[in-house]
Novice: 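Dropping the structure in here first, questions after.
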There are 4 protein chains.
Amino acid sequence: MYNSFGYLFRITTFGESHGPAIGVIIDGCPAGLVIDESFIQSELSRRRPGQSALTTARKEDDQFEILSGVFEGKSTGTPIAIMIKNKDAKSKDYSHIADKYRPSHADYTYDQKFGNRDYRGGGRSSARETANWVAAGGIAKLLLGQIGIVSKAYVSQVGQITCSKPYQELDLSQVDSNDVRCPDAESAQAMEEHIKAVKKDGDSVGGIITGVIQGVPAGLGEPIFHKLHAELSKAMMSINAVKGFEYGSGFAGVAMKGSEHNDAFTKKAGKVATSTNHSGGIQGGISNGEDIHFSVAFKPVATIMKEQSSIDKTGEEVVVAGKGRHDPCVVPRAVPIVEALAALVIVDFYLMAQTSKLQE
Amino acid sequence: MYNSFGYLFRITTFGESHGPAIGVIIDGCPAGLVIDESFIQSELSRRRPGQSALTTARKEDDQFEILSGVFEGKSTGTPIAIMIKNKDAKSKDYSHIADKYRPSHADYTYDQKFGNRDYRGGGRSSARETANWVAAGGIAKLLLGQIGIVSKAYVSQVGQITCSKPYQELDLSQVDSNDVRCPDAESAQAMEEHIKAVKKDGDSVGGIITGVIQGVPAGLGEPIFHKLHAELSKAMMSINAVKGFEYGSGFAGVAMKGSEHNDAFTKKAGKVATSTNHSGGIQGGISNGEDIHFSVAFKPVATIMKEQSSIDKTGEEVVVAGKGRHDPCVVPRAVPIVEALAALVIVDFYLMAQTSKLQE
Amino acid sequence: MYNSFGYLFRITTFGESHGPAIGVIIDGCPAGLVIDESFIQSELSRRRPGQSALTTARKEDDQFEILSGVFEGKSTGTPIAIMIKNKDAKSKDYSHIADKYRPSHADYTYDQKFGNRDYRGGGRSSARETANWVAAGGIAKLLLGQIGIVSKAYVSQVGQITCSKPYQELDLSQVDSNDVRCPDAESAQAMEEHIKAVKKDGDSVGGIITGVIQGVPAGLGEPIFHKLHAELSKAMMSINAVKGFEYGSGFAGVAMKGSEHNDAFTKKAGKVATSTNHSGGIQGGISNGEDIHFSVAFKPVATIMKEQSSIDKTGEEVVVAGKGRHDPCVVPRAVPIVEALAALVIVDFYLMAQTSKLQE
Amino acid sequence: MYNSFGYLFRITTFGESHGPAIGVIIDGCPAGLVIDESFIQSELSRRRPGQSALTTARKEDDQFEILSGVFEGKSTGTPIAIMIKNKDAKSKDYSHIADKYRPSHADYTYDQKFGNRDYRGGGRSSARETANWVAAGGIAKLLLGQIGIVSKAYVSQVGQITCSKPYQELDLSQVDSNDVRCPDAESAQAMEEHIKAVKKDGDSVGGIITGVIQGVPAGLGEPIFHKLHAELSKAMMSINAVKGFEYGSGFAGVAMKGSEHNDAFTKKAGKVATSTNHSGGIQGGISNGEDIHFSVAFKPVATIMKEQSSIDKTGEEVVVAGKGRHDPCVVPRAVPIVEALAALVIVDFYLMAQTSKLQE
């Protein structure tokens with residue numbers, strides 16, 4: 001169960017950074033969905049390494065193969081298995097850290113938990129796993145497209161550089177128009193320069209991604225332990241390097257009064273709506289029809305080119321420094337990951353909602 | 001499955017605010033645990049309404065009954081069922097909002113999802129449910145006590161008033177020494193006064209709770225979709241009024257460089273340790289033996305005594321104002337809830353860890 | 001998870017034979033179902049002890065209370081909790097076997113597994129648990145009633161006395177017309193006399209229950225690991241004393257040729273049908289619209305009034321003999337249990353089927 | 001969730017008969033297990049088609065690849081993905097039945113459930129899926145081998161020809177010494193001749209497989225809904241063509257008296273044992289340390305070479321006859337499948353048992 005996510009639309013993944021392949025089984029996709037493979041490939045390309053000067057130089061074309069569950073272009077209702085072969089895996093890059101514990105990496109904790117660890121490229125702890133999520137999320141997006149739901153995300157902060165405009169004032173169709181994936185051109189340029197400077201210094205920096213899900217009908221989410229935002233949170237906290245999640249008013253809402261924070265119900269164009277949206281589109285764990293919006297905080301990448309002190313398996317003090325090819329800042333490549341996970345969560349709740357009340 | 005939480009130590013809950021009783025089944029508690037009922041009762045008393053001038057005047061003694069799973073004072077390994085009867089349920093208080101949608105409450109979304117809603121006291125969406133979690137968490141704490149793990153929490157912010165000291169400089173044994181549950185006496189007094197002022201004004205205010213789990217051995221957590229912090233996040237986001245979660249460096253970590261943020265491994269007293277703890281005790285989703293620390297953001301309570309505009313079931317514009325007995329700020333009573341959920345998460349991972357590697 | 005059954009319509013149970021109460025939480029019942037409490041009570045009365053000369057003299061009226069999930073007579077979509085208090089629990093009856101292992105009971109295995117055992121009345125291993133299933137099954141039957149599905153069962157064999165007529169030749173509305181619950185009056189009388197003779201002798205005897213589910217539309221069931229008959233089998237094998245399960249042609253089908261066994265498709269009254277039904281209404285794990293029929297084998301009850309040799313906790317040889325009040329043959333009271341479990345399985349698959357294909 | 005089996009040792013499978021590959025993810029295998037690939041391959045060879053004159057002529061060497069979860073010959077505790085490519089898939093063989101519903105196959109029910117069906121070779125409903133189970137079962141067997149548990153099975157009946165000796169009188173190491181996999185040479189020869197005669201006639205015949213699991217310690221199994229025999233039953237009923245399951249005394253136990261059926265506890269060589277084993281090694285759903293033994297009934301294969309009447313998608317009457325390469329009797333090849341599923345069930349319960357009681 002440990003490597004599965006979701007309930008009715010459930011993914012189960014496998015794969016290490018330097019093994020022969022990674023992959024994902026999507027179980028519960030309804031039959032009859034047209035599977036647009038080129039769309040899935042384009043989503044993978046948004047995540048893949050080597051796509052710009054801001055990312056790792058590792059080259060993976062991340063070409064995927066569908067092994068099952070699709071017949072004559074449509075889902076059959078049986079499990080859709082997707083495999084992505086690992087190509088540019090330079091295992092030699094990692095031999096120097098086989099016995100060393102890299103600071104703020106998962107080396108030490110894996111060793112403590114499992115005893116036996118594939119140290120090449122981080123093994124199972126590598127963010128390469130997220131390619132599986134993007135592929136599965138591609139199918140989730142296709143399904144959401146059928147019901148008018150769109151899952152979007154963009155970079156709203158890099159280091160201390162923030163995009164000060166709220167998402168409502170941005171053109172979310174322009175997210176991919178620059179390498180950093182911030183739709184505000186001015187902020188994007190400042191972020192990009194900052195990332196390049198940090199990279200040049202052999203260091204890394206964190207960032208924030210804002211997610212926006214539009215078109216969600218009222219009534220998705222389960223009241224107690226499967227609140228829509230709780231599952232979103234769990235999904236986002238599963239991404240490597242994520243340290244925080246907030247939705248709607250988030251941490252800033254703490255300082256508000258109830259009289260300021262409450263979203264008054266009203267009618268817009270004959271439909272129930274709220275005049276503000278501090279609720280972030282979710283009340284009592286269930287969508288209310290407004291935009292769902294949230295933020296995800298990423299720490300600076302742990303792998304840096306600078307020398308750091310640490311210890312090895314035997315407890316001896318050692319010095320480690322990254323030698324491989326790594327991202328100085330993960331948020332540009334993490335945008336499609338956030339979108340994919342959000343899409344997976346929403347599809348799952350959409351399927352659950354089919355059985356909430358007796359059909360008449 | 002919707003009303004269950006956890007995997008091997010799994011709780012399933014039921015109950016509405018104004019029904020005959022609420023309750024929880026704890027499935028998977030190992031046999032042989034001494035069940036100290038007075039401890040569980042004391043935990044419930046920390047959460048119950050009417051405990052101080054800062055909380056709602058609703059009176060519930062929250063006396064619990066164990067219906068199964070305990071024999072001669074010890075757990076038998078079979079499900080432990082706990083029931084808490086509802087006593088002071090004044091259903092009349094709610095008749096005025098049977099057809100009205102209170103702003104930022106779950107009235108509208110429940111209606112959209114289920115069609116059929118128990119509107120008395122919020123029904124299933126009431127925070128009364130959290131008494132179930134505290135009861136179950138009491139048992140989790142007893143089990144953790146056997147292995148030296150302690151789950152603590154305290155109020156670190158109310159509105160704009162923050163406790164500026166980090167948790168390491170506070171005496172966490174003093175959390176319950178004041179009504180607001182902040183172990184820093186000076187901050188506590190300012191918070192208390194603020195809550196009273198807000199209450200007098202018929203308004204409400206938000207806050208932040210900081211959680212600290214100590215004594216967790218390295219190796220708890222599952223790498224991909226059951227990361228320790230992801231499950232913690234999901235748990236905390238399940239609490240009514242929570243809008244955000246962060247652990248370790250959290251949102252503030254975004255602005256740091258990798259060279260500042262990385263926690264160097266070192267040895268302390270012959271044991272592996274880290275010199276800083278921006279990781280919050282978790283690396284790659286698995287505990288590393290350091291303190292696990294995190295923050296939970298609560299919005300201001302939606303029920304206020306002021307008049308607010310809204311609509312009713314028929315779409316007509318209406319005015320609503322709280323009439324019942326409500327908390328102006330939930331964080332003082334939410335401290336034991338945060339502790340309980342954290343304990344439930346840790347116990348679950350502790351049990352999972354029994355099967356991570358082959359026994360030798 | 002251990003005490004839960006079902007996926008979308010999921011029950012979680014608790015309770016020991018001699019504790020204060022037993023109970024069940026039904027999670028996933030769609031909102032809007034009219035809950036006919038008198039029907040549920042009548043189902044419990046069909047299972048309760050002391051109902052006829054054929055059953056144990058233990059008196060339990062098995063009156064149930066609904067603690068949550070129902071408002072103004074209808075399900076709300078939140079968990080329905082049902083509690084049944086234990087009344088006539090004579091714990092003294094069991095003190096003599098606190099340290100003895102009764103042959104073919106669960107005393108020894110519970111001790112091996114848990115160390116700590118509630119020995120009164122078998123504790124958690126008592127068939128009293130099945131009252132929970134019948135109560136939950138009552139709700140499942142009410143839901144199935146809305147879509148025209150009926151779950152029936154009857155006694156088709158007691159010891160060596162078989163009802164030779166196939167179910168198609170019996171009037172299943174007459175199942176409750178006699179104490180043994182065989183709708184064939186002649187067989188019923190012979191079975192009844194046999195049970196009485198066995199009882200008089202202080203012994204016990206086994207039996208077979210045949211189940212028939214009618215009105216199931218084609219398309220329920222999941223192809224691989226949740227085949228309709230596999231879940232039915234698991235459900236039936238969960239009943240105390242059950243040793244075997246078969247559906248359709250069952251064990252007898254082994255000796256047939258494919259050319260004899262295959263069910264030819266044809267049309268009846270304009271609808272797809274099969275000319276025979278060796279498939280038992282299920283093909284590839286999915287219902288085909290024909291009657292689902294199956295048989296469940298029950299061993300003779302382990303508790304007998306005769307003396308038997310055994311050992312105690314210390315390994316000493318001892319003699320045990322039943323002293324309490326027990327059924328000489330369980331099948332008459334197990335008929336509503338079989339019906340209830342079958343109803344729970346079908347409701348679950350009915351809900352799952354809502355998401356099998358894309359809605360058009 | 002539909003394509004997953006097991007809880008802590010959980011497999012999730014994919015693949016159609018004529019797609020590019022089938023495969024399985026094994027999630028929850030403890031780290032540190034030596035993965036003997038040649039053993040897994042030998043298990044697959046026992047199941048593969050074309051292995052003898054008794055089986056289908058379809059040629060699949062069923063060579064598997066491990067894609068993840070194994071490093072330097074040992075499991076790492078992360079998911080083990082196994083892929084088996086489909087090689088000899090003659091899709092043309094099936095074009096004639098694309099629109100026809102083969103009697104007693106899953107064609108009609110898949111169409112009713114999903115609308116969209118991969119008709120080539122039965123698609124997902126093909127028994128090719130069982131290769132995944134045998135591969136995963138191979139790993140389960142390796143783990144069981146570490147703790148002294150052996151999962152064995154053999155053919156005990158073909159058509160009306162039964163092996164009359166109980167398993168205790170057979171040499172289970174000789175199961176693979178003949179093509180039919182019955183360790184009693186005389187019975188084996190009669191069975192073999194019968195299968196050949198049936199094949200020559202273009203017909204098919206059923207059979208029974210007996211399973212025996214030895215070395216299981218007392219205490220495995222969960223009391224209520226995860227009884228050891230209930231999960232075994234569900235597993236076996238998941239195999240294509242299975243119609244019945246019984247364990248211990250099974251259906252024959254029905255006709256016995258309690259005084260005959262009860263297994264007296266005694267001591268053998270200083271250990272608790274039972275003098276008989278009608279319980280089949282399981283009491284109250286939990287293993288008691290005796291051999292676990294059970295029987296599985298297989299119907300005659302639905303595909304026969306004779307002409308049969310049926311209907312097509314449009315409801316027109318049609319005639320169908322098998323043209324491909326099929327087994328006249330599945331039991332010889334199903335022996336390793338039964339063993340594999342039993343091993344998967346036992347491993348899962350073994351892992352669960354690690355958390356049954358508090359460690360001292």
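Letters A, B, ... are given to chains in the order of the sequence lines, protein chains preceding strands, and every chain is numbered from 1.
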Novice: Under a 4.5 Å heavy-atom cutoff, which of B:L232, B:L220, B:T109 has the most pairs with chain A?
Specialist: B:T109
Novice: Given heavy-atom pairs under 4.5 angstrom as the criterion, report whether the side chain, backbone, both or neither of B:T355 touches chain A.
Specialist: side chain
Novice: Give a yes or no answer on whether the side chain of B:Q283 reaches the backbone of B:S279 with a donor-acceptor pair at less than 3.5 Å.
Specialist: no
Novice: Can you confirm whether the side chains of B:S104 and A:H261 place a donor and an acceptor under 3.5 Å from each other?
Specialist: no
Novice: Before you tell me yes or no, could you show the steps for B:F294 and B:F245 under ring pair (Phe, Tyr, Trp, His ring centres under 6.0 Å), namely the whole-Å CA-CA distance, both residues' side-chain angles and the distance that decides it to 0.1 Å?
Specialist: CA-CA 7 Å; B:F294 58 90; B:F245 173 88; 5.7 Å; yes
Novice: Has the side chain of B:R102 got a donor or acceptor atom that lies under 3.5 Å from a matching backbone atom of B:T303?
Specialist: no
Novice: Side chain, backbone, both or neither: which part of A:F5 has an atom under 4.5 Å from a heavy atom of chain B?
Specialist: both
Novice: Count the heavy-atom pairs under 4.5 Å between each of A:H105, A:H278, A:E317, A:H226 and chain B, then report the option with the highest count.
Specialist: A:H226
Novice: Report the option among B:G258, B:G284, B:G206 that has the most heavy-atom pairs separated by less than 4.5 Å from atoms of chain A.
Specialist: B:G258
Novice: By a 4.5 Å heavy-atom criterion (distance strictly below it), what part of B:S125 contacts chain A: side chain, backbone, both, or neither?
Specialist: neither
Novice: Test the A:K243-B:Y247 pair against the cation-pi criterion, namely NZ or CZ under 6.0 angstrom from the six-membered ring centroid and within 45° of the ring axis.
Specialist: yes
Novice: Under a 4.5 Å heavy-atom cutoff, which of B:A106, B:G253, B:G159, B:G221 has the most pairs with chain A?
Specialist: B:G159
Novice: Taking A:N3 for its side chain and A:T12 for its backbone only, find out whether a donor-acceptor pair lies under 3.5 Å.
Specialist: no
Novice: Please rank B:G280, B:A264, B:S259, B:A252 by heavy-atom pairs under 4.5 Å with chain A and give me the top one.
Specialist: B:S259
Novice: Picking from B:E231, B:K234, B:Q160, B:Q112, which has the most non-hydrogen pairs under 4.5 angstrom with chain A?
Specialist: B:K234
Novice: Between A:S4 and chain B, which part of the residue has a heavy atom less than 4.5 Å away: side chain, backbone, both or neither?
Specialist: backbone
Novice: Contact part of B:T274 toward chain A, heavy-atom cut-off under 4.5 Å: side chain, backbone, both or neither?
Specialist: neither
Novice: With only heavy atoms counted, which part of A:I208 is less than 4.5 Å from chain B, the side chain, the backbone, both or neither?
Specialist: both
Novice: Side chain from CB out, backbone as N, CA, C, O: work out which of these in A:V198 comes under 4.5 Å of a heavy atom of chain B, or both, or neither.
Specialist: side chain
Novice: In terms of heavy-atom pairs under 4.5 Å with chain B, which of A:V272, A:T266, A:V205 leads?
Specialist: A:V272
Novice: Out of B:E260, B:M256, B:Q157, return the one with the most heavy atom pairs under 4.5 angstrom to chain A.
Specialist: B:M256
Novice: Checking salt bridge (Lys or Arg N to Asp or Glu O under 4.0 Å) for the pair B:K100/B:D312: CA distance, chi angles, key distance, verdict?
Specialist: CA-CA 4 Å; B:K100 293 177 186 171; B:D312 66 12; over 6 Å; no
Novice: Among A:Y108, A:Y7, A:F298, A:Y101, which residue forms the greatest number of heavy-atom pairs with chain B at distances under 4.5 Å?
Specialist: A:Y108
Novice: Assess the side chains of B:H293 and B:T210: does a donor N or O sit below 3.5 Å from an acceptor N or O?
Specialist: no
Novice: Kindly compute the distance separating CD1 (B:I22) from CH2 (B:W133), expressed to the nearest 0.5 Å.
Specialist: 10.5 Å
Novice: Taking B:V24's backbone N and O only, do any of them form a donor-acceptor pair with B:T13's side chain (distance below 3.5 Å, no angle check)?
Specialist: no
Novice: Heavy-atom distances under 4.5 Å only: say whether A:N288 touches chain B with side chain, backbone, both or neither.
Specialist: both
Novice: Under a 4.5 Å heavy-atom cut-off, does chain A meet the side chain of B:D203, its backbone, both or neither?
Specialist: side chain
Novice: So, taking the atom named NZ in A:K257 and the one named SG in B:C329, what distance separates them when rounded to the nearest 0.5 Å?
Specialist: 11.5 Å
Novice: At a heavy-atom separation under 4.5 Å, does A:T130 approach chain B through its side chain, its backbone, both, or neither?
Specialist: neither
Novice: With a 4.5 angstrom heavy-atom cut-off, which part of A:V242 approaches chain B: side chain, backbone, both or neither?
Specialist: backbone
Novice: Of the listed residues (A:E129, A:M236, A:M352), which shares the most heavy-atom pairs with chain B below a 4.5 Å separation?
Specialist: A:M352
Novice: Answer with side chain, backbone, both or neither: which region of A:K306 has an atom nearer than 4.5 Å to a non-hydrogen atom of chain B?
Specialist: side chain
Novice: Check whether B:M1 gets within reach of chain A through its side chain, its backbone, both or neither, counting any heavy atom under 4.5 Å.
Specialist: both
Novice: Pick whichever of A:S295, A:G248, A:S309 has the most heavy-atom pairs under 4.5 Å with chain B.
Specialist: A:S309
Novice: Between B:K227 and B:E222, is the salt bridge (Lys or Arg N to Asp or Glu O under 4.0 Å) condition met? List the steps.
Specialist: CA-CA 5 Å; B:K227 289 187 166 81; B:E222 298 294 329; over 6 Å; no
Novice: Please classify the contact between B:S287 and chain A as side chain, backbone, both or neither, with a heavy-atom cut-off of under 4.5 Å.
Specialist: backbone
Novice: Examine distances only and state if a side-chain atom of B:N277 and a backbone atom of B:G281 form a donor-acceptor pair shorter than 3.5 Å.
Specialist: yes
